[in-house]
Novice: 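Here it is, the structure in full.
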2 protein chains.
Amino acid sequence: MISLPPALERLVQMLSRLPGIGRKSATRIALRLLDGSEAECRELARSIVEARERTRRCSICGGLTEDDPCAICTDVRRDERLVCAVERSSDILALERTGRFRGRYHVLGGLLSPLDGIGPENLRIDLLLERTRSGNLSEIILALNPTAEGEATALYVAKLLAPLGVQVTRLASGLPVGGDLDLADELTLGTAIEERREL
Amino acid sequence: MISLPPALERLVQMLSRLPGIGRKSATRIALRLLDGSEAECRELARSIVEARERTRRCSICGGLTEDDPCAICTDVRRDERLVCAVERSSDILALERTGRFRGRYHVLGGLLSPLDGIGPENLRIDLLLERTRSGNLSEIILALNPTAEGEATALYVAKLLAPLGVQVTRLASGLPVGGDLDLADELTLGTAIEERREL
């Protein structure tokens, strides 16, 4: 087993930190980059730095944007009294792809995770409370991942929002649309039974 | 459907060109990068440029290396009369991982593909012939992908090598080790029957 040249090894390690990229994919990407032209590598490097430099957080919702406030927060056709709270910016894209939500967003910037040292003070929860108080919001949808950390965060936020008189909802859990009932895991199927709806 | 901020869109497009990365993964990676610190982005950008700058092609085998000739070509414990010809540098890594080959390598730099305008003059075939003539090689293993282009390239190279009196072999095709016979495709299973070996 030969070891990689040092600069290549460093690149592979950097690429392995990206989401969904293991060491094998990272090596494949790195070698393809080095097989390509130097101009191509420089262009990729520049686009990373430029994107990071030009992009900031929207001061209202916390989403990534070049102009502050962002296009969604300034879109008067969207219901500003309906706010969907999400973990990170990529969740906004996922929800926008559905085309089913016409309110505004609020990026929490993570989920509560005491073991990783992430407490309420690390998230944009206080800004959500402030926005609720001053914005006359009608409903806040807590669109967090249906995981232990997502549920814990949703419960925590809901408790803080309760005294403010705003309706707090969360996304439905159940069978994926187009999915197979006998392939669903027990937790999902169990939730689908408990939260069944009248036809 | 909102469109991405321009600098982010550019980054997503650049990332989508990497092997195994579609638009969805590219978006996920880009957003994770922008969610991270600026220092982290700069570090990744720098490691891409540095790896590309420091890495060159070995003048003997064409593999990626920081020192020329590369560690494999200068390793006296390896059989220099046995050469394994591969399509690209990543194939060397794959073969080295097996720990079963103790010869040297020769990177062709691609496969013949007339439709993409890749002819023999674009590959390092002439250098392989030169190496065969001057190096007193005993065997050349054509370790190319078992695809139409791989086979065509192997046949073309083998024809040129024939008059030089060197033994030319190729990798065995057949069932993947640990694989399931009834999951194998017809071509693979057919080849496994045709190329069956005495037990």
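To find a chain, count down the sequence lines: A is the first, B the second, and so on, and within it residues start at 1. Computed from a prediction, not measured in an experiment: that's the story for all the values here.
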Novice: For A:Thr65, is it the side chain, the backbone, both or neither that has a heavy atom under 4.5 Å from a heavy atom of chain B?
Specialist: backbone
Novice: Of A:Gln13, A:Met14, A:Glu9, which is the lone residue that meets side chain to side chain contact (heavy atoms under 4.5 Å, CB included) with B:Ser47?
Specialist: A:Met14
Novice: Starting at CZ of A:Arg88, measure out to CG of B:Leu31 and round the result to the nearest 0.5 Å.
Specialist: 9.0 Å
Novice: Taking every heavy-atom pair that is under 4.5 Å apart, which of A:Leu95, A:Val107, A:Leu33 has the most such pairs with chain B?
Specialist: A:Leu33
Novice: Assigning hydrophobic clusters by single linkage (Ile, Leu, Val, Met, Phe, Trp, Tyr; side-chain heavy-atom cutoff under 4.5 Å), is B:Ile92 placed with B:Ile141?
Specialist: yes
Novice: Heavy-atom distance under 4.5 Å to chain B: side chain of A:Arg17, backbone, both or neither?
Specialist: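 Contact with chain B is through the side chain of A:Arg17 alone.
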Novice: What part of A:Arg46 gets within 4.5 angstrom of chain B, counting heavy atoms only: side chain, backbone, both, or neither?
Specialist: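 Neither; nothing under 4.5 Å.
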Novice: Quick one: what part of A:Arg28 sits under 4.5 Å from any heavy atom of chain B, side chain, backbone, both or neither?
Specialist: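 Both backbone and side chain of A:Arg28 come within 4.5 Å of chain B.
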Novice: Looking at B:Gly109, B:Ser25, B:Pro19, B:Ser89, which has the largest count of heavy-atom pairs under 4.5 Å with chain A?
Specialist: B:Pro19
Novice: Measure the shortest side-chain to side-chain distance between A:Leu44 and B:Val49 over non-hydrogen atoms and say whether it is less than 4.5 angstrom.
Specialist: no
Novice: Is the number of heavy atoms from other residues, nucleotides or ligands under 6.0 Å of A:Glu121 CD greater than 12?
Specialist: yes
Novice: Do A:Leu112 and A:Leu127 sit in the same hydrophobic cluster, where Ile, Leu, Val, Met, Phe, Trp and Tyr count as joined when their side-chain heavy atoms come under 4.5 Å apart?
Specialist: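 Different clusters: A:Leu112 never reaches A:Leu127 through Ile, Leu, Val, Met, Phe, Trp or Tyr contacts under 4.5 Å.
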Novice: To the nearest 0.5 Å, tell me how far A:Glu50 CD sits from B:Cys41 SG.
Specialist: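 Between A:Glu50 CD and B:Cys41 SG, I get 12.5 Å after rounding to 0.5 Å.
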Novice: Using non-hydrogen atoms and a 4.5 Å limit, figure out which bit of B:Thr98 sits close to chain A: side chain, backbone, both or neither.
Specialist: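 Neither part, no heavy atoms under 4.5 Å.
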Novice: What part of A:Thr27 gets within 4.5 angstrom of chain B, counting heavy atoms only: side chain, backbone, both, or neither?
Specialist: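 When you check distances to chain B, only side chain atoms of A:Thr27 fall under 4.5 Å.
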Novice: Please say whether more than 12 non-hydrogen atoms of neighbouring residues, nucleotides or ligands are located less than 6.0 Å from CD in A:Glu80.
Specialist: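 For A:Glu80, atom CD is not crowded (no more than 12 foreign heavy atoms under 6.0 Å).
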Novice: Is it true that B:Arg42 and A:Glu53 have a side-chain N and a carboxylate O under 4.0 angstrom from each other?
Specialist: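 So B:Arg42 pairs with A:Glu53 through a salt bridge.
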Novice: Roughly how far, to the nearest 0.5 Å, is the CD atom of A:Glu96 from the CG atom of B:Leu4?
Specialist: 11.0 Å
Novice: Looking at B:Leu8, B:Ile21, B:Leu34, which makes the most heavy-atom pairs under 4.5 Å with chain A?
Specialist: B:Leu34
Novice: Answer with yes or no whether the hydrophobic clustering places A:Leu123 together with A:Leu142; edges join I, L, V, M, F, W, Y residues whose side-chain heavy atoms lie under 4.5 Å apart.
Specialist: yes
Novice: Using non-hydrogen atoms and a 4.5 Å limit, figure out which bit of B:Arg52 sits close to chain A: side chain, backbone, both or neither.
Specialist: both
Novice: Could you state whether B:Leu108 and B:Leu164 fall into the same hydrophobic cluster, counting links through intermediate Ile, Leu, Val, Met, Phe, Trp or Tyr residues with side-chain heavy atoms under 4.5 angstrom apart?
Specialist: yes
Novice: If you look at every heavy atom in A:Pro5 and B:Leu64, which pair is closest and at what distance?
Specialist: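 The answer is CG-O, 4.3 Å.
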Novice: So which of A:Ser90, A:Gly36, A:Pro6, A:Ala30 has the largest heavy-atom pair count under 4.5 angstrom toward chain B?
Specialist: A:Pro6
Novice: Does a sphere of radius 6.0 Å around CD in B:Glu195 hold more than 12 heavy atoms from other residues, nucleotides or ligands, not counting ones at 6.0 Å or beyond?
Specialist: yes
Novice: Please classify the contact between A:Arg54 and chain B as side chain, backbone, both or neither, with a heavy-atom cut-off of under 4.5 Å.
Specialist: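 The side chain, not the backbone.
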Novice: Select one option (side chain, backbone, both, neither) describing which atoms of A:Leu18 are under 4.5 Å from chain B's heavy atoms.
Specialist: side chain
Novice: Of all of A:Glu38, A:Glu40, A:Arg56, A:Arg57, which one pairs up most often with chain B through heavy atoms under 4.5 Å apart?
Specialist: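 Highest number of heavy-atom pairs under 4.5 Å: A:Glu38.
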Novice: Is there a path of hydrophobic side-chain contacts, each under 4.5 Å between heavy atoms of I, L, V, M, F, W or Y residues, that connects A:Ile140 with A:Val86?
Specialist: no
